[in-house]
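These numbers come from the heavy atoms of this one structure, side chains and all, not from hydrogens, waters or symmetry mates.
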Amino acid sequence: MIRAHLNYCDNQIAGFKLTGHADAGEYGQDIVCAAVSVLAINTVNSLEQLAKVTPQVISDDEQGGYLEVKLSDDQVQHPEAQLLLQSFELGLQDIEKNYDKYIKIK
């Protein structure tokens, strides 16, 4: 199961952590894993290219199943960064609504 944890600071999203594997299908055929991965990667890319913030990103590139994204206190204040992170949260909530056996948001 994928566990998604959103970090808040003063009611604003300061980052997120994704752990685990969905196991909703065979490797390469897991639509839940693919959906969460696309959302997460797109959010990081959008933070960098559109909001012009560079979050700290920690991932397990060899085994997968771990991604942590952190914004600095200054970056959290960017309205564009908040919009992108809120969009990420909305996407995760929709996936959880439809595939709650494979993903939980904390």
Nearest heavy-atom approach of A4 to L92 is CB-CD1, 3.9 Å
Closest non-hydrogen atoms of A51 and E80, given as atom of the first, atom of the second and distance, are CB-CB, 3.8 Å
Transitive ILVMFWY side-chain link V76 to V57, under 4.5 Å: yes
Nearest 0.5 angstrom please: S37 OG to I2 CD1, how far? 6.5 Å
Approximate separation, where rounding is to 0.5 Å, of C9 SG and Q77 CD: 7.5 Å
So, applying ring-ring contact (aromatic ring centres under 6.0 Å, His included) with F16, which one of Y8, F88, Y66 is it? F88
Any side-chain heavy atom of L47 sitting closer than 4.5 Å to one from L71? yes
Can you give the donor-acceptor pairs under 3.5 Å from side chains of residues 18-34 to other protein atoms, not counting sequence neighbours?
residue : atom : partner : partner atom : Å
D30     : OD1  : V32     : N            : 3.1
D30     : OD1  : C33     : N            : 3.0
D30     : OD2  : D23     : N            : 3.1
D30     : OD2  : A24     : N            : 3.0

Any donor-acceptor N/O pair, [X] side chain to [Y] backbone, under 3.5 Å:
X: T43; Y: L39; answer: yes
X: Q75; Y: T54; answer: yes
X: D94; Y: L90; answer: no
X: E96; Y: I105; answer: yes

Run the side-chain contact (heavy atoms from CB on, under 4.5 Å) test on E48 and V44 for me, step by step, so that the C-alpha distance in whole Å, both residues' side-chain angles and the decisive distance to 0.1 Å come before the verdict. CA-CA 6 Å; E48 292 174 346; V44 170; 4.1 Å; yes
What pairs with K106 under side-chain contact (heavy atoms from CB on, under 4.5 Å), at least two apart in sequence or on another chain? R3, H5
Give a yes or no on whether K104 atom NZ has more than 12 heavy-atom contacts from other residues, nucleotides or ligands under 6.0 Å away. yes
